[in-house]
Amino acid sequence: MDIKKLLKPKKVAVVGASDKEGFGGDTCRNIIRYMKPEDYYFINPKRDQVQGVRCYSSISDLPEPVELLVIATPMSTVEGFLREGAEKGVRGAVVFASGYGEVGTEEGAEAENQLKSLCQELDIALMGPNCAGYANYVDMIYPYAFISNERDRKGAVGVVSQSGQLVLSMMEAASIRFSYAISSGNGKITTIEDYLDFLVDDEDTQVIALYMEGSKQPSKLAAVLKKAALKRKPIVVLKTGRSEKGQALAASHTGSLSGSDKVFDALFDKFGVIRVDDLEELISTAQALAVLKKLPKSSGFSSISLSGGETGICADLGQIIGLTYPDFSEKTEKALEEILPGYATVNNPLDSTASLSYDIDKFASVCEAVMKDPSVGIVSIGYTLLEEISDNAIFYMSEALEKVMKEEWAKPCLMLPFAENTRNRDYVKKLESIGVPVLPTSLYALKIIKNILDFACYKPEDHNLEVAVLSNATLGESDHKVRTALTESESKSMIQKYGIDCGIFEVARSREEAGELFSRLDLKKAVAKIDSPDILHKSDVGCVILGLKSPEEAMEAYDTILQNAAKHFDNPDIRGVQICNMADKGTEVILGVNNDPQFGPCVLVGLGGVFVEIFKDTSMALAPVSKTEADNMIRRLKSFRILDGYRGSPKGDIDALSDAIVRISEMAAERADDLAELDINPVFVYEKGICAVDALYIKQ
């Protein structure tokens, strides 16, 4: 299938052309409005013309081949038209009809599978079914079923959405302009991953904006995100499914498998994808990235406002959102003191005072001084741009910014309003032409600036860009395998092979052997534990005994543990009693792996012991991970300060811990089709080195 025949066809035909309102009629209205007359045909056997355009009675009657067929007729007619179209050269199709897999019935699923098979047979790339079509603003091809106001929408943001209505909402937003706007519908034939792949390679698309509910091709999605990361093409994603309700709605809407939402966070982190919370943030982040002529080279932020109140808002919101306001250098402070009036105070964020906004040269000089500060990577200009301009300040400020933004030293700059008003379109256009996006109000604006900085600071070389997607996850599904646990000694032996220090341990099969192991292993203080795949929570049932100081105590512990096991379990599978050295106490950390059915094993680190359940302070990444990723995982923990020597306590060996995360992630990736879960808790982190004292490996 050639997706270009779908998205960049030379000739288009609409089956089901109509004068009425609805998908057939509205698609014709859009095509007439936006496309050249020689590039499209209308088909309806009951009409000689539709909306003043000649209408053909069948596809076969068309005077020339067509590449794209738009089918605006009921589900029962679709397959016949596809076969007829294939004879006329059709290799792309848009199908609006619903009633397929999205309805959740066996009949609907079967109809969708038949449609997929037919498209494979005919070599037709099909959008939908149950979609709204698309708009190609690069070539002005418009097989789109929703009507919106007529305006210039051509730009550099490529949109893909699993919701047709959200595409319409974006098209009706005055603040964004597109290369492509695609409503993918069910996406079982040409998938959301296919559209992303096309846009990543498309030279007319600078930024991709994606609304998604799930992925049916996790391996391909990861490959496309990797390609975008290496190309440094921004992808901005609004993904539903953070909540249980959201996951249920996503499944019922398109039949998508949502997957664990935290796994998607890990996926996006790995590839530098920007995740946003709502449609406004999606629109504004994507458009801002498309307008900026360069990305910031450092994470330092400075806001320039015209009043103390605006400056205070920026200071507070910036801290809440996580922006960094670096102190200005001495050189910058001196330069600003020479420009600003005597009653002004030089700080970052900066109150430049309103008076300077009426002086082109002075305002330009303020911007220059701030932008030339080595710690500043990006700058915002605080100003509420009204639709009907009543304050002449914007005239002078825009001239100053135009002067500044021409310079080589100019840094990325955005305009930040403090109240929501319809923007003056002429000045928005003027500012965007010099690379200055006009953002939404302050809370959104600062989130968008944080998004831009996060993307700019992402370095693909710091990440392991592989993902251990399961071999059976092609369609986002996994076999329901029976899970079996290894014993603790087997689990520790497994992770030892990957370089994880687990101390000294062996399994005794008799009370005498327990005593003999204590002596032979030269243990000063030992621990005895049941070694059984059936008894996983050993300490809860008296199957762990600490502080053994002699062979005799080891033998007594052996007897006690077996007695306790018999009290709580009927015929458990007991392989013996593990005798191991009692490790010195360190900072307790948990390392773990959970194998996601779509994206494979995810490695986790967090504060360990019982605290992992209480504080739930963990960070996660898709395996395998690089050393930098592992180090970042540790530093993201709220409890990182404990590991880093909080209030004079010894510093933990962060390097050894991050190395262990890397090794566990590599093991998980290698054993992705075998490993279901891994729990290493606790891991003691010392000033030098680590020791894993308990492990549970569960196979699938």
Test log, rule side chain to side chain donor-acceptor pair (under 3.5 Å), inputs Ser375 and Asp373: CA-CA 6 Å; Ser375 64; Asp373 190 289; 2.6 Å; yes
Approximate separation, where rounding is to 0.5 Å, of Leu431 CG and Arg423 CZ: 11.5 Å
is_close_aromatic(His463, Tyr458), centroid dist under 6.0 Å: yes
Flag, side chain of Glu281 to backbone of Asp277, donor-acceptor distance under 3.5 Å: yes
Test salt bridge (charged side-chain N to carboxylate O under 4.0 Å, His left out) applied to Asp139 and Lys4, Lys8, Lys154, the passing residue: Lys8
Between Tyr383 and Phe418, ring centroids under 6.0 Å: no
Evaluation steps, side chain to side chain contact (heavy atoms under 4.5 Å, CB included), between Ser442 and Leu416: CA-CA 6 Å; Ser442 47; Leu416 184 160; 3.8 Å; yes
Donor-acceptor side-chain pairing of Asn451 and Thr285 below 3.5 angstrom: yes
Validation row: Lys430, Glu399 side chains within 4.5 angstrom (heavy atoms): yes
Donor-acceptor side-chain pairing of Ser626 and Thr628 below 3.5 angstrom: no
Verdict with reasoning, Lys372 to Glu368, per salt bridge (Lys or Arg N to Asp or Glu O under 4.0 Å): CA-CA 6 Å; Lys372 284 186 173 179; Glu368 178 179 354; 2.7 Å; yes
Verdict with reasoning, Asp454 to Lys450, per salt bridge (Lys or Arg N to Asp or Glu O under 4.0 Å): CA-CA 6 Å; Asp454 286 346; Lys450 181 67 163 59; 3.0 Å; yes
Nearest heavy-atom neighbours spanning Phe599 and Pro218: CE2-CB, 3.5 Å
Shortest non-hydrogen separation from Tyr646 to Ser649 and the atoms involved: O-OG, 2.8 Å
Under 3.5 Å side-chain donor-acceptor pair for Glu670 and Tyr498: yes
Short side-chain donor-acceptor distance under 3.5 Å, Ser284 and Glu280: yes
Side chain to side chain, Lys231 and Asp201, heavy atoms closer than 4.5 Å: yes
Under 3.5 Å donor-acceptor, Arg177 side chain and Ala156 backbone: no
Spacing of OG belonging to Ser161 relative to CD belonging to Glu213, to within rounding of 0.5 Å: 7.5 Å
Approximate separation, where rounding is to 0.5 Å, of Lys226 NZ and Leu221 CG: 14.0 Å
Beyond-backbone contact of Leu607 with Leu637, side-chain heavy atoms, under 4.5 angstrom: no
Asp194-Thr191 side chain donor-acceptor pair, cut-off 3.5 Å: yes
Verdict with supporting geometry, Arg425 and Glu387, salt bridge (Lys or Arg N to Asp or Glu O under 4.0 Å): CA-CA 7 Å; Arg425 296 310 305 162; Glu387 182 178 21; over 6 Å; no
Min side-chain heavy-atom separation Lys651-Leu643 under 4.5 Å: no
Flag, side chain of Thr311 to backbone of Ser307, donor-acceptor distance under 3.5 Å: yes
Least distance between heavy atoms, Gln206 atom then Pro234 atom: O-CD, 3.3 Å
Closest non-hydrogen atom pair, Ser298 against Pro374: OG-O, 4.4 Å
Verdict with supporting geometry, Tyr137 and Asp152, side chain to side chain donor-acceptor pair (under 3.5 Å): CA-CA 9 Å; Tyr137 289 97; Asp152 178 17; over 6 Å; no
Residue pair Ser215 / Gln598, side-chain donor-acceptor N/O under 3.5 Å: no
Rounded distance [0.5 Å steps], SG in Cys602 versus CG in Asn594: 6.5 Å
Gln319 and Leu323, any side-chain heavy atoms less than 4.5 Å apart: no
Ala228 backbone acceptor or donor facing Lys233 side chain under 3.5 Å: no
Single hit among Thr353, Asp361, Leu350, Asp359 for side-chain contact (heavy atoms from CB on, under 4.5 Å) with Val366: Leu350
Centroid-centroid distance, Tyr358 to Phe363, less than 6.0 Å: no
Whether Asp653 side chain and Gly689 backbone form a donor-acceptor pair below 3.5 Å: yes
Under 3.5 Å: donor-acceptor pair, side chain of Glu629, backbone of Ala621: no
Distance-only donor-acceptor check, side chains Ser179 and Asp204, under 3.5 Å: no
Side chain proximity check, Leu210 to Leu238, heavy atoms < 4.5 angstrom: no
Stepwise side chain to side chain contact (heavy atoms under 4.5 Å, CB included) test for Val159 and Tyr180: CA-CA 6 Å; Val159 171; Tyr180 296 84; over 6 Å; no
Distance-only donor-acceptor check, side chains Glu388 and Asn424, under 3.5 Å: no
Flag side-chain contact, heavy atom, 4.5 Å: Arg275 against Asp265: yes
Side chains of Arg635 and Ser619, donor plus acceptor under 3.5 Å: no
Leu7 and Ile182: CA distance, side-chain angles, deciding distance, side chain to side chain contact (heavy atoms under 4.5 Å, CB included) verdict: CA-CA 9 Å; Leu7 297 177; Ile182 297 167; 4.1 Å; yes
Donor-acceptor contact present, side-chain Lys270 to main-chain Leu465, <3.5 Å: no
Any donor-acceptor pair under 3.5 Å from Ser302 side chain to Asn348 backbone: no
Nearest-0.5 Å distance that lies between atom NZ in Lys411 and atom CE in Met405: 11.5 Å
Minimum heavy-atom distance Arg151-Ala173, with the two atoms named: NH2-O, 2.6 Å
Non-hydrogen side-chain atoms of Ile452 and Pro412 separated by less than 4.5 Å: no
Under 3.5 Å: donor-acceptor pair, side chain of Asp596, backbone of Phe264: no
Ile378/Leu414 under side chain to side chain contact (heavy atoms under 4.5 Å, CB included): CA gap, chis, key distance, verdict: CA-CA 8 Å; Ile378 192 167; Leu414 311 95; 3.5 Å; yes
Sequence neighbours excluded - salt bridge (Lys or Arg N to Asp or Glu O under 4.0 Å) pairs with any residue from residues 299-328: none
Sidechain-backbone polar pair: Thr205 side chain, Gly158 backbone, donor-acceptor under 3.5 Å: no
Interatomic distance, Ile235 atom CD1 to Ile274 atom CD1 [nearest 0.5 angstrom]: 9.5 Å
